[in-house]
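Quick caveat: nothing in here was measured; it's all calculated off a predicted structure.
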Amino acid sequence: MNMRLRQLMILAVSVSALLQVPHSFAQSGNKSDKPNIVLLFADDAGYADFGFQGSKTMITPNLDKLAANGVRFTQGYATDSTCGPSRAGLLTGRYQQRFGYEENNVPGYMSKNSAIDGAEMGIPLDEVTMGDYMKSQGYATAFFGKWHVGGTDAMHPINRGFDTFYGFRGGDRSYYAYEANDPARQQVATFFDKEIESGLGNFKEHEGYLTDVLADKANEFIADNQDKPFFAFVSFNAVHTPIESTPEDLAKFPELSGTRKQVAAMTLALDRASGAIMNKLEELGLAENTIVVFTNDNGGPTDKNASVNLPLSGTKSNYLEGGIRVPYVLSWPAKIKQCLTFDHPVSTFDLLPTFFESAGGTQYKKDVDGVNLIPYLTGDKQGKPHENLFWKKESRAAVRSGDYKLLRYPDRPAELYNIRNDISELNNLASSKPELVRALYKKIFEWELSHERARWLLKRQFEKSDIDRMDKYRLKKEQE
């Protein structure tokens with residue numbers, strides 16, 4: 001056989017072999033069919049403060065479009081009614097009480113008997129985060145914005161599974177750059193938890209309005225990683241205090257005044273930033289195979305930022321629906337039909353297994369309490385993702401079991417509501433269903449016995465503040 005014939009035969013075999021390679025591997029230099037994932041996470045937003053949630057006041061066209069193009073969960077819950085614990089549950093896919101993250105972590109507000117205070121209050125180092133799981137599947141991972149689950153270097157996002165970090169370690173900060181002589185620098189012993197940080201230890205204040213800056217940084221990451229699967233967690237501090245907005249955004253709401261006008265402007269900026277990220281996905285041809293989720297960390301604190309949770313009773317920091325039920329939207333054009341609603345209870349801790357398993361993951365390093373929601377949205381699974389969901393802080397607790405919800409208090413008898421029929425929690429059924437009250441009370445006790453004691457404790461006075469706040473924003477029957 002001459003050399004020329006031998007070369008032609010080798011070439012024919014090579015082409016034949018290439019044609020049999022699966023499409024996702026045959027595309028040289030291209031990434032696999034793993035979906036990209038973008039989590040847009042708001043802070044302290046009101047349940048009713050988005051167009052897709054029924055607001056006629058707020059201007060949220062980008063998030064409304066996301067809801068129209070995806071699935072809106074009508075009974076989406078956060079794992080807690082305050083910032084830190086809610087984020088801990090989301091990031092681990094587990095009830096945060098499993099590892100003692102029961103109370104909010106706010107340096108300067110902790111009891112003198114608290115076992116831990118300051119920067120050490122965070123997700124324990126032996127817990128596995130969403131970043132860890134996604135990185136194990138070959139994803140480029142990034143976290144932008146508010147962290148609030150540990151202020152030490154060991155608890156830093158860069159050391160918790162995220163390749164890229166741009167944001168701040170603590171729970172709140174100004175939307176504008178701090179000046180060198182800013183009084184805010186005196187508010188906490190370790191000011192660096194409020195300072196803008198790029199990567200680990202590179203502190204430099206931003207230019208412009210932070211909500212927009214976070215979107216810009218996220219878009220840089222997306223563009224840099226467009227040829228590989230990526231996970232971007234965009235943790236906006238909007239619309240948490242301080243109440244700060246741009247003059248241009250304020251001008252869009254001439255009919256409003258005071259704090260309500262400010263939060264409307266802040267929400268507009270939140271929507272604009274979310275839209276900028278979604279537009280970048282479209283521009284790069286990535287939108288079709290990108291899972292985009294928008295949700296919130298807890299109910300809106302109406303007394304602090306004039307957020308609206310109606311028709312729900314309650315606010316941030318209590319377990320009425322207004323404290324724990326949140327806007328919750330998921331879009332994945334390549335796989336999920338648009339304009340759907342899902343009417344069974346789901347939790348923010350479902351996002352970790354949803355993302356991990358959508359990326360091809362199967363082996364968890366720890367037991368997770370969340371479930372992969374995608375099979376329920378495609379019809380591959382029927383029924384409810386959860387029969388029971390729990391919430392707890394000290395003696396206050398709640399369980400959602402089927403359509404019923406029991407609330408346990410330190411200062412009054414337990415209350416029972418049929419949430420499907422009574423979303424505003426106006427008709428207490430405890431006296432007419434004593435057996436169910438007893439059963440659900442025991443269910444809470446059995447659940448909490450399997451978890452750890454709180455790692456840190458807020459001052460006792462804040463327990464009363466939370467109860468008073470709940471009572472102030474509890475709807476009355478005449479308000480229905």
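Side-chain atoms of R94 and E127, non-hydrogen and from C-beta on, do get closer than 4.5 Å to each other. Residues V399 and L389 have side chains not in contact (no heavy-atom distance under 4.5 Å, counting atoms from C-beta outward). For the pair T315 and P301, the minimum side-chain heavy-atom distance is 4.5 Å or more. The shortest side-chain heavy-atom distance between L330 and V293 falls under the 4.5 Å cut-off. Side-chain contact between M58 and V308 is absent, with no heavy atoms from C-beta onward closer than 4.5 Å. With contacts defined as side-chain heavy-atom distances shorter than 4.5 Å, the pair C83/K316 qualifies. Contact of the T378 side chain with the I374 side chain is registered, since non-hydrogen atoms from C-beta on lie closer than 4.5 Å. Within the 4.5 Å cutoff, side-chain heavy atoms of P385 are placed close to those of H344.
For residues 78-89, the pairs satisfying salt bridge (Lys or Arg N to Asp or Glu O under 4.0 Å) are D43-R87, R87-D297, with sequence neighbours left out.
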*asked:* Run N289 and W332 through side chain to side chain donor-acceptor pair (under 3.5 Å) and show every step you take.
replied: CA-CA 6 Å; N289 196 33; W332 187 3; 3.1 Å; yes
*D468 and K464: salt bridge (Lys or Arg N to Asp or Glu O under 4.0 Å), yes or no, with the steps?*
CA-CA 6 Å; D468 290 346; K464 183 179 186 305; 2.6 Å; yes
_Trace of the salt bridge (Lys or Arg N to Asp or Glu O under 4.0 Å) decision for K366 with D132_ = CA-CA 12 Å; K366 294 241 181 182; D132 293 321; over 6 Å; no
*Start with the C-alpha gap between N298 and D44, add the side-chain angles, then the distance that decides, and say whether side chain to side chain donor-acceptor pair (under 3.5 Å) holds.*
CA-CA 6 Å; N298 45 249; D44 279 5; 2.9 Å; yes
*Please assess E195 against F168 for the test side-chain contact (heavy atoms from CB on, under 4.5 Å), listing each intermediate value before the final yes or no.*
CA-CA 6 Å; E195 286 190 294; F168 59 101; over 6 Å; no
*Could you walk me through whether F233 and F143 pass the ring pair (Phe, Tyr, Trp, His ring centres under 6.0 Å) test, one step at a time?*
CA-CA 5 Å; F233 190 146; F143 191 98; 4.7 Å; yes
*Could you walk me through whether S317 and R469 pass the side chain to side chain donor-acceptor pair (under 3.5 Å) check?*
CA-CA 8 Å; S317 80; R469 182 192 234 177; 3.0 Å; yes
*Just do the side chain to side chain donor-acceptor pair (under 3.5 Å) check on Y328 and R72 with the steps written out, would you?*
CA-CA 6 Å; Y328 200 136; R72 186 171 68 89; over 6 Å; no
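There is no side-chain donor-acceptor pair under 3.5 Å between E357 and T362.
Between K393 and E463 a salt bridge is recorded (basic side-chain N to carboxylate O distance below 4.0 Å). The pair D212-R272 counts as a salt bridge, with a side-chain nitrogen and a carboxylate oxygen less than 4.0 angstrom apart. We find that E283 and K280 are joined by a salt bridge, their nearest charged nitrogen and carboxylate oxygen being less than 4.0 Å apart. E197 and R169 are joined by a salt bridge, as a carboxylate oxygen and a charged side-chain nitrogen come within less than 4.0 angstrom of each other.
Between Y101 and W456, the two ring planes are perpendicular [angle over 60°; tilted spans 30° to 60°]. The aromatic rings of H451 and Y95 lie tilted to each other, with the angle between the two planes from 30° to 60°.
Atom CD1 of I291 sits about 4.5 Å away from atom CD1 of I37, to the nearest 0.5 Å. Note that the CG atom of D369 and the CD atom of Q97 stand 9.5 Å from one another [nearest 0.5 Å]. Here CG of D271 is found 9.0 Å from OG1 of T267. Values are rounded to the nearest 0.5 Å. If you take CZ on F342 and OG1 on T74, they are separated by 9.0 Å, rounding to the nearest 0.5 Å. For the atom pair Y47 OH and S55 OG, the distance stands at 13.0 Å (nearest 0.5 Å). For the atom pair CG (N105) and CD (E120), the distance works out to 12.0 Å, reported to the nearest 0.5 Å.
The two residues A269 and D249 make their nearest non-hydrogen contact at CB-OD2, 3.6 Å. Taking every heavy atom of both residues into account, E394 and K392 meet most closely at O-NZ, 3.0 Å. The shortest non-hydrogen separation linking L352 to Y364 is CD2-CE2, 3.9 Å. Of all heavy-atom pairs spanning N309 and G314, the tightest one is ND2-O, 3.4 Å. The two residues G370 and D350 make their nearest non-hydrogen contact at CA-OD1, 3.2 Å. Nearest approach of E102 to A454, heavy atoms of both residues: CB-CB, 4.0 Å.
With hydrogens and angles disregarded, a donor-acceptor distance shorter than 3.5 Å links the side chain of T92 to the backbone of A88. With hydrogens and angles ignored, the 3.5 Å screen pairs no side-chain donor or acceptor of S331 with any backbone N or O of L66. Looking only at distances, no side-chain donor or acceptor of R396 sits under 3.5 Å from a matching main-chain atom of L407. Not a single donor-acceptor pair under 3.5 Å links the side chain of S245 to the backbone N or O of M266. In terms of modelled atom types and a separation under 3.5 Å, the side chain of R325 and the main chain of L312 share no donor-acceptor contact. At least one donor-acceptor pair under 3.5 Å links the side chain of N225 to the backbone N or O of F221. Remark: the backbone N or O of F356 is not paired with any side-chain donor or acceptor of Q137 at under 3.5 angstrom. A donor-acceptor distance shorter than 3.5 angstrom exists from the side chain of T60 to the backbone of G51, with no hydrogens or angles considered. A distance-only check finds a donor-acceptor pair linking the side chain of H156 to the backbone of I158 [under 3.5 Å]. Of the possible donor and acceptor atoms, none in the side chain of D49 sits under 3.5 Å from a partner among the backbone N and O of A45.
Within 6.0 Å of NZ on K135 lie more than 12 heavy atoms contributed by other residues, nucleotides or ligands. Counting heavy atoms of neighbouring residues, nucleotides and ligands inside a 6.0 Å radius, atom NZ of K443 does not exceed 12 of them. Counted within 6.0 Å of CD on Q461, heavy atoms from surrounding residues, nucleotides or ligands total more than 12; the atom is thus considered enclosed.
Ring centroid separation for the pair Y178 and H206 does not come in under the 6.0 Å cut-off. For Y175 and Y209, the ring centers sit closer than 6.0 Å to each other. You'll find the ring centres of F41 and F294 outside the 6.0 Å limit. Taking the six-membered ring for Trp, Y139 and Y133 have ring centres at least 6.0 Å apart.
Residue R400 is tested with H386, E387, E321, Q75 for a side-chain hydrogen bond (donor to acceptor under 3.5 Å, both in side chains); the sole match is Q75.
The side-chain tip of K217 does not point at the ring of F144 from less than 6.0 angstrom away and within 45° of straight on. The side-chain tip of R455 does not point at the ring of F99 from less than 6.0 angstrom away and within 45° of straight on.
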